[in-house]
Each structure stands twice: as C-alpha cells, then as structure tokens.
2 protein chains.
Amino acid sequence: MQKKLTIQDIARLAGVSKATASRVLNGNPSVNGELRARVMRVVEEHDFVPNATAVSLAGGNTHLIGVLAPPLVWPALPEIIRGVAEYIEDSAYEIVLYSINFANAECNHSEVVKRILNLHLVSGLLAIFTDELLPQITRLAQDGLPIVLIDDQEEPGHIPWVGIDNRESARTAIRYLLELGHKRIAHIRGPQYYYWANERYRGYCQALQEAGIAPEPELLLQGGFEPLHGRQCAEQLFARERASWPSAIFVANDQMAYGVLEYVEQQGIRVPEDVTIVGFDDNLLSAYTRPPLTTVHQPFSEMGRRATELLLNMIDPQYLAGPKASQQVQASTEFLQLSERDQPVHLQLPTSMVIRASSTQASLSVKT
Amino acid sequence: MQKKLTIQDIARLAGVSKATASRVLNGNPSVNGELRARVMRVVEEHDFVPNATAVSLAGGNTHLIGVLAPPLVWPALPEIIRGVAEYIEDSAYEIVLYSINFANAECNHSEVVKRILNLHLVSGLLAIFTDELLPQITRLAQDGLPIVLIDDQEEPGHIPWVGIDNRESARTAIRYLLELGHKRIAHIRGPQYYYWANERYRGYCQALQEAGIAPEPELLLQGGFEPLHGRQCAEQLFARERASWPSAIFVANDQMAYGVLEYVEQQGIRVPEDVTIVGFDDNLLSAYTRPPLTTVHQPFSEMGRRATELLLNMIDPQYLAGPKASQQVQASTEFLQLSERDQPVHLQLPTSMVIRASSTQASLSVKT
DNA sequence: TTGTATGCGTTATCAC
DNA sequence: GTGATAACGCATACAA
C-alpha cells in the first residue's frame with residue numbers, strides 16, 4: 001500500500017510546525033490567515049486526510065458508531081439502516097455493523113456485547129431489536145456508552161429511545177375500520193409478553209369500547225410474528241360457521257397478515273368483499289401482496305435518521321455537520337429539553353394509515 | 001464513560017512489564033508458562049481487552065473491513081451481508097458499512113471512495129455492485145488496498161472476484177425448459193451493456209442451438225432490472241396472436257419476472273398451464289410469488305462468506321481464525337494457487353435450479 | 001526469556 | 001499566533 005503522507009509531511013511542505021498544521025485542519029481560528037492559506041494549499045494539493053486511527057487515539061473519539069441488529073433479512077432493517085446511512089453520510093462518522101443472529105443458538109451473543117464495550121472501538125451504539133441482549137445493553141449504557149434504542153419489545157426505559165405510539169396507531173386503525181362500517185373486528189395479536197403487541201392490543205380494545213362495542217373474546221387470537229402464525233389464526237377464525245365470521249381482521253403485524261391473505265385466498269374467501277384485512281408495519285412487500293395490504297406505516301428510515309441524530313448529539317453535543325447545522329441545533333435543543341427535565345429521551349414518530357385494496361378499492365393516506 | 005484499564009495496568013497487577021503483557025495477549029510462544037498464567041489470570045479477572053484504536057495505530061492493521069454497497073433494500077444485499085457477517089463474527093475483524101445511494105444524484109459518490117482511501121480506516125474493502133464507481137475502486141486496488149469484488153456488471157478483471165457462471169447457469173435453465181418439452185422459449189434479457197445480462201443471453205442462445213433450435217428474434221425482448229420492465233415485455237409478447245405466443249419465458253432476473261407474473265395473471269393467462277416462467281437470482285421473495293417462481297439460485301450468502309474469507313487472507317495471509325482454521329488454510333491455498341500462477345483470482349460458485357410451481361407442480365432441485 | 005525504549009500519527013498543553 | 005513536547009495505548013526492535 002502506497003505510503004501515506006502524515007501531518008508531519010504537510011507541515012514540512014508548508015514550512016510550519018505540525019501543531020499549526022493540525023490547527024488549520026481542525027479549523028482553529030487562532031491561526032494567521034497567510035499561514036492557513038499556505039497549509040490549505042498543500043493539503044488540497046495532496047488530497048491529504050488525517051489518519052483516522054491516530055485521530056481516534058489522540059482525540060478520544062473514534063468517530064465510529066456501532067449498529068447492533070439482527071440479520072438484515074428482517075423486513076424493517078434495510079429501511080432503518082438506510083436512514084442511518086443517509087444521516088451518517090454527511091457526518092464525520094462511520095458505521096460499524098454488528099449483525100447478530102439470534103437464531104444461532106451455538107454462539108454466545110453476550111460475547112458480542114463484551115467486544116463492543118471492551119474494544120472501545122465505537123463511540124456510541126445504535127441498538128435495534130435487541131431481543132435477549134437488552135440487560136447487557138443497559139449495563140453498557142450505565143457504564144456511560146452513549147446508546148439509542150430502536151426496539152419496542154419492552155416498554156421504553158431510561159435509555160434514549162426512538163419509536164412510535166403503538167397504542168394510538170392501533171386505535172387509529174380500528175377507528176378506520178369502524179368508519180368503514182365494520183362491527184365484527186377480529187384481532188390477531190402479537191406475542192404475549194411483547195410491549196408492542198400489548199400496546200396494539202390495548203389500542204384495539206380502546207377503540208372498540210369508545211364505539212360502544214365490547215371486545216368479543218372469540219374474535220381475539222393469540223398469534224406470533226410469522227406468516228405461519230397468521231395463517232393458523234385465520235384457520236381458526238374461518239373454521240366456525242359463516243355467521244360468526246369477522247367482517248374485518250386487524251393483524252398485529254404485516255408478516256402475519258401475509259399468512260392470513262394466503263389462507264383466505266386458498267379458501268376462496270374474497271378480500272375485501274368477504275373480509276377486510278389490516279396489518280401493521282408497512283413492510284416493503286405489503287404494497288405487492290394480493291391484494292395489496294392496508295396497514296399502519298411505520299417510518300422506519302426516519303426512525304433510523306432521528307436515532308442517529310440523537311446518538312451523534314449524545315456523543316458530541318458540540319458536533320454540527322455542515323449541511324445539517326440547523327437540524328442538528330434543533331435536535332440538540334430537543335434532546336436537551338428532555339434531558340434537562342430529567343426525563344428519559346423518548347422520541348415518538350408519527351405513523352400513518354396506508355389504505356390499499358385489502359380494505360377498499362380507493363387509495364388514500366390518513367395521518368395519525 | 002468508565003475509565004478503562006490499559007495494558008500498563010495489567011502489567012503492573014501481574015508484576016511484569018507491558019512488553020510481556022503484550023506478548024501474552026498476542027500468544028507469543030516465547031513467554032514463560034508461569035508468567036503467562038499470571039498475566040492471563042489478571043486479564044480474565046478484569047475482562048481486559050486491548051484498546052482497538054491503539055492496536056491499530058501500533059500494529060498497522062485496523063482489523064476493519066469496509067463493505068461498499070448500494071442501499072440494503074436491494075434484494076440480494078441482506079443475504080450477501082449475512083454471509084459476510086457470519087464469517088466476520090468469529091474473526092478478529094469488524095465491518096464498516098459504506099452504504100451508497102446511487103439514486104441520489106445530488107452527492108458526489110467519489111467523495112465516499114476518497115474517504116475510504118485517505119482515512120486509512122479500513123484494511124480491506126469488499127465492493128458489492130459498484131455501479132459507476134468501478135474505475136475508482138480499481139485505482140484503490142492499484143494503490144495496494146486489498147479489495148474483493150462481488151459484481152458482475154462488467155467482466156471480471158484483475159481485482160479478485162467472487163461470483164457465478166452466468167452463461168452456464170442460463171444454459172442449464174434453458175436445458176431444463178427443453179427437457180420439459182418447450183420449443184418456443186422467449187427471453188427477456190437484462191440491460192444492454194451489462195456483463196451478466198449478456199452472459200445469460202449467450203447461455204440462452206447456446207442451449208437453443210445445441211438443441212437445434214434457431215433463436216427467434218421475435219422471442220427476444222430487451223428488458224432492464226425492474227418489475228415494470230418485465231411487465232412491459234410481457235405485454236409485447238402476448239399482444240400478438242395466440243399462435244405466436246411462447247410456451248415458456250426465461251426472464252433475466254427475478255425482479256422482472258415478478259412483473260411478468262403480475263401481468264399474465266391480470267390477463268387470465270395461466271402459469272404454468274399456458275406459459276411457463278423461469279427467473280434468475282432466487283431472491284427471498286421468489287418463493288412467495290403467485291405461483292412461486294422457478295429460478296436459478298445464486299448462493300448470495302455463500303458469496304459473502306467466501307469473499308470475506310478471500311479478503312481476510314489478502315489482508316493477512318498469516319491470519320487463521322480458531323474455529324475456521326482448516327477452511328482458512330484451504331482458502332489460503334486456493335488463493336495462493338491462483339495468484340501464484342499470476343492469474344487473477346476469480347471464484348465461481350455453483351448455482352442451482354430451484355423448481356417451483358411456475359414451471360411445474362413437482363418440486364425438485366437440480367445442481368448446475 | 002524478559003525488560004527498556006522507541007515509534008505509530010494525531011491532538012492538546014505548555015511555554016514563547 | 002506559533003512551535004516544541006507530552007500524552008493516547010499498544011507493538012516491537014533491541015538490549016540485557
């Protein structure tokens with residue numbers, strides 16, 4: 001590999017000390033205009049960029065943020081990371097990807113966390129869908145590592161968190177169905193002990209009650225995550241006599257809704273004529289199911305962006321990226337407001353209903 | 001952030017010099033067994049891990065590999081990166097993600113490349129689908145940065161490359177259709193100047209000729225990448241009188257095949273009864289289309305794994321990860337064999353035909 | 001075999 | 001304002 005220039009070389013070529021060269025590179029105002037120009041000329045002439053490793057060691061900030069996440073084949077992840085990458089792109093930071101496969105029981109995932117902490121490689125961590133790792137993440141946070149969480153498996157705690165209002169979003173979805181005239185609305189809920197699942201369930205109940213409808217136990221089914229779970233629940237629902245069928249189903253996530261769609265099509269049950277289906281998440285696929293799925297849109301890439309913004313502000317409150325200066329100030333302010341009130345930072349982003357053919361032929365978009 | 005222990009502290013606690021402590025940590029055999037044990041005890045007691053930044057600066061290897069890729073919403077990427085991550089997981093390296101959005105014309109992507117080179121942050125680069133950046137990547141390689149390419153947009157050149165045999169794979173696909181008894185096989189090909197598109201086209205022609213069938217110009221359509229392109233080509237194909245319809249279509253990639261499936265379903269043309277569809281890539285979605293798509297499976301995650309293996313061996317030929325020792329040796333050998341013969345390293349992985357309902361009701365898998 | 005001393009490329013703290 | 005010089009935490013050539 002071609003030997004790279006050091007700041008020493010730049011200094012020599014410009015006829016100054018490396019201290020001065022360093023000052024120029026870091027925009028220190030206390031440098032003579034003429035000297036600054038001279039150094040800058042040499043720098044640009046050679047496309048000089050300071051060695052990242054050395055900067056890290058001396059400056060105490062690696063300008064690296066870790067992104068801890070399950071494999072990217074999880075539906076929402078590419079979107080989230082796109083947001084992260086977009087924000088990082090015009091910052092001075094880079095992304096270190098810690099992709100962790102929970103399905104692989106062989107390896108001890110806590111080793112990964114240990115690596116993150118001990119290596120001191122990253123100056124901050126964005127933890128997405130942490131699953132069983134949350135306790136260790138919490139410990140990292142207590143040790144002082146800046147961490148932002150995108151994960152609504154558990155109720156947000158003291159770690160800065162970016163997400164949505166699951167309950168309110170579910171309530172909006174149900175109210176939409178009520179406005180469509182549905183009375184018998186079933187709910188295939190998510191896993192028992194998951195915060196998001198419980199919240200969406202609560203929103204479902206709340207909306208029904210507000211409409212004077214008592215939630216019927218037989219219209220509530222315990223699902224999970226996957227298409228198969230949705231399919232199984234659908235089998236149960238439609239195994240009964242036709243009169244007791246629901247006219248609409250609110251499925252706790254899109255993945256399960258796919259299973260429902262598959263099953264009802266095979267059974268010749270028409271959507272939305274016989275039954276209306278509404279999902280939650282708005283995965284990229286959901287626009288291409290048959291029929292396309294009406295669902296609650298989660299602003300995944302925006303979540304990634306905002307979480308990154310928050311994280312960079314935690315790592316370095318002084319930090320202002322050029323093109324984003326104003327936004328950064330705003331975010332910083334927002335962040336300070338919350339943390340000054342000694343409240344944990346919880347950023348709740350708005351969701352929106354995406355109306356597709358699984359509920360109607362019309363195509364609208366209703367903001368929450 | 002909690003003040004971390006340094007190797008100095010460990011040395012003091014173990015009553016040795018930091019040089020010895022360093023030797024123990026790096027498995028240098030020339031250390032007395034008793035001392036080694038003493039140091040190790042202290043190390044484990046404190047969960048000590050050397051500071052990554054300092055190791056990099058002193059050792060000249062950052063143990064970071066860059067992964068340059070388009071946004072992860074590209075269908076094959078999550079799979080490829082899963083392979084990379086799996087291999088990296090039990091290595092001493094980490095992944096730096098350079099996600100680059102070609103669609104965003106605003107920013108100058110060459111800036112990203114400049115960042116990669118100049119910062120000297122990563123010790124190697126895995127470049128996936130480099131699009132317009134290939135010339136700059138090539139320059140990086142010439143400057144001595146270890147680079148492995150996963151990208152068959154252009155014919156593989158002097159940069160180590162991992163991919164598949166597009167021509168042979170296409171040929172196999174067509175032979176499969178011929179065995180099924182098809183005579184009128186159409187081809188929706190990929191973009192004009194793309195290597196993979198040309199190769200797959202050649203494979204198509206070759207297989208036909210071998211069967212004594214002259215490729216008919218009217219059965220060849222110029223497509224692109226996306227579902228819409230596939231759809232448009234399908235429209236053309238089926239706009240003609242029924243007698244001139246193809247009995248099978250070989251679509252150059254799954255994405256376009258989705259568009260074809262969508263169109264024929266809307267037209268009431270049955271698959272596979274009226275027309276058989278075969279794609280290429282085996283994206284994750286392709287098992288869930290209606291009907292599920294028969295296609296050529298690309299071993300994306302394996303490509304990620306092997307590319308990473310190759311890259312680590314280029315960065316550090318001495319490097320042998322514990323659990324992978326044997327494989328590593330093998331890879332290293334393989335790599336040396338090629339490079340010693342002064343041939344550019346091109347690793348061609350086998351593909352396989354995945355038979356699904358778009359071609360038949362039976363479900364088989366035929367290796368290429 | 002072990003310890004001492006120097007270098008890695010910066011930033012930051014001093015004097016000047 | 002500017003230039004020596006000391007960290008930063010580790011690896012390693014060299015001396016012992």
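Computed from a predicted model, the values in this text were never measured in an experiment. Chain letters run A, B, ... following the sequence lines, proteins first, then strands; residues in each count from 1.
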- Salt-bridge criterion met for A/Glu309 and A/Arg305 (N-O under 4.0 Å): no
- With no hydrogens and no angle check, is any side-chain donor or acceptor of A/Ser22 less than 3.5 Å from a backbone partner on A/Lys18? no
- In whole angstrom, what separates A/Asn28's CG from D/dG1's C1'? 10 Å
- Quick one: is B/Thr20 getting a side-chain N or O under 4.0 Å of the C/dG3 phosphate, OP1 or OP2? yes
- Take the protein atom CG of B/Leu121 and the nucleotide atom C1' of C/dT10, then report the distance between them rounded to whole Å. 14 Å
- Item | Donor-acceptor contact present, side-chain B/His346 to main-chain B/Gly157, <3.5 Å | yes
- Of all heavy-atom pairs linking A/Ala85 and A/Ile95, the shortest is CA-CD1, 3.9 Å
- Message: Check whether A/Asn28 reaches the backbone of A/Ser30 with its side chain - one donor and one acceptor, N or O, closer than 3.5 Å.
- Response: yes
- Task: Would you mind reading off the distance between A/Asn26 atom CG and C/dA12 atom P, rounded to a whole angstrom?
- Result: 7 Å
- Message: Check this one for me: any side-chain N or O of A/Ser22 less than 4.0 Å away from OP1 or OP2 of C/dT11?
- Response: yes
- Message: Does atom NE2 (A/His46) have a neighbourhood of more than 12 heavy atoms from anything else shown, all under 6.0 Å?
- Response: yes
- For B/Asp9 and D/dG9, what is the distance between atoms CG and P respectively, to the nearest whole Å? 9 Å
- Message: Counting only side-chain heavy atoms from C-beta out, which of C/dT2, D/dG3, D/dT12 sits nearest to A/Ala19?
- Response: D/dG3
- Message: Given C/dT10, D/dC10, C/dG3, identify the nucleotide with an atom nearest to the side chain of B/Val55.
- Response: D/dC10
- Message: Can you measure A/Lys18 atom NZ to D/dA7 atom C1' for me and round it to whole angstrom units?
- Response: 11 Å
- Item | Atom-to-atom span, CG of B/Asn61 to P of D/dT12 - whole angstrom | 11 Å
- Identify which nucleotide among D/dG9, D/dC14, C/dT10 has an atom closest to any side-chain atom of B/Arg23, counting heavy atoms from C-beta outward. D/dC14
- Message: Among residues at least two apart in sequence or on other chains, which ones pass side chain to side chain donor-acceptor pair (under 3.5 Å) with B/Thr130?
- Response: B/Asp151
- Specify the residues of residues 32-42 of chain B, ordered by number, for which at least one heavy atom lies under 4.0 angstrom from an atom of DNA chain C. B/Asn32, B/Leu35
- Message: Closest approach to the side chain of A/Leu57, judged atom by atom: which nucleotide of D/dC10, C/dT4, C/dG9 is it?
- Response: C/dG9
- Of the listed C/dC8, C/dT10, D/dA4, the closest approach to the A/Ser17 side chain comes from D/dA4
- In whole angstroms, the gap separating P of C/dC8 from CG of A/Leu5 amounts to 14 Å
- Round to a whole Å and report the spacing from NE2 of B/His63 to P of D/dA11. 9 Å
- With nearest nucleotides of DNA chain C determined for A/Gln8 and B/Val16 from heavy-atom distances, which residue corresponds to the more 5′ nucleotide? B/Val16
